Amino acid sequence: MELLLSLILQIVDAGDGLSEAIMGKSLKAVIQEHVVCKRHFEQREEDFRAAMRIENPTVRAYALDALRRRVLEQCGVRP
């Protein structure tokens, strides 16, 4: 599975314009986050729910981004 995923990531262009326009992220980043780090994100689900309950939208966005970056660092993906 890891070999197949690394092959797919090599094929995917990191500057994929369509996914950049739609999601604000490259397709490679989206694949890494949702496939490679899925287990890590699931383990921190309660933390994400707590961050979503923050009333202030700016503080909530910063909290979610910081949490996302920590999870990505834990699973070895550069944010």
Side-chain angles (χ1 to χ4, degrees):
M1 177 66 179
E2 290 179 24
L3 179 62
L4 179 61
L5 183 59
S6 66
L7 179 61
I8 290 171
L9 290 175
Q10 289 176 7
I11 293 171
V12 173
D13 180 10
D16 183 24
L18 181 59
S19 67
E20 282 280 343
I22 294 172
M23 296 179 283
K25 299 180 193 176
S26 70
L27 187 56
K28 181 178 178 180
V30 171
I31 290 172
Q32 285 179 325
E33 286 185 28
H34 291 284
V35 175
V36 176
C37 298
K38 181 179 179 181
R39 180 176 51 89
H40 294 278
F41 277 101
E42 288 173 349
Q43 291 172 347
R44 302 292 296 265
E45 184 176 347
E46 192 60 38
D47 296 332
F48 280 101
R49 286 185 184 172
M52 288 300 294
R53 289 190 293 266
I54 296 173
E55 298 265 337
N56 186 316
T58 304
V59 174
R60 181 177 52 237
Y62 283 127
L64 288 170
D65 186 55
L67 184 56
R68 181 183 142 271
R69 288 178 181 273
R70 272 187 259 134
V71 171
L72 291 175
E73 288 173 2
Q74 287 176 349
C75 71
V77 174
R78 289 187 327 185

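As the structure is a prediction and not an experimental result, all values here were calculated from the model. All values below come from the heavy atoms of this structure, side chains included, with hydrogens, waters and symmetry mates left out.
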Of all pairs that satisfy disulfide bond (SG atoms under 2.5 Å apart), the ones with a partner from residues 32-70, not counting sequence neighbours | C37-C75
Walk me through it: do F41 and D47 pass the test side chain to side chain contact (heavy atoms under 4.5 Å, CB included)?
-> CA-CA 10 Å; F41 277 101; D47 296 332; over 6 Å; no
Only distances under 3.5 Å count here; give the side-chain donor-acceptor pairs of residues 53-64 to other protein atoms, sequence neighbours excluded, each with its distance to 0.1 Å.
unit_1	atom_1	unit_2	atom_2	d
N56	OD1	T58	N	2.9
N56	OD1	V59	N	3.3
R60	NH1	I54	O	2.7

Looking at residues at least two apart in the chain, or sitting in another chain, which of them share a side-chain hydrogen bond (donor to acceptor under 3.5 Å, both in side chains) with E45?
-> R49
Return the set of residues passing side chain to side chain contact (heavy atoms under 4.5 Å, CB included) with R70 (not counting sequence neighbours), or none when no residue passes.
-> R44, A66, L67
Under the salt bridge (Lys or Arg N to Asp or Glu O under 4.0 Å) rule, collect the residues that match up with D65, sequence neighbours excluded.
-> R68, R69
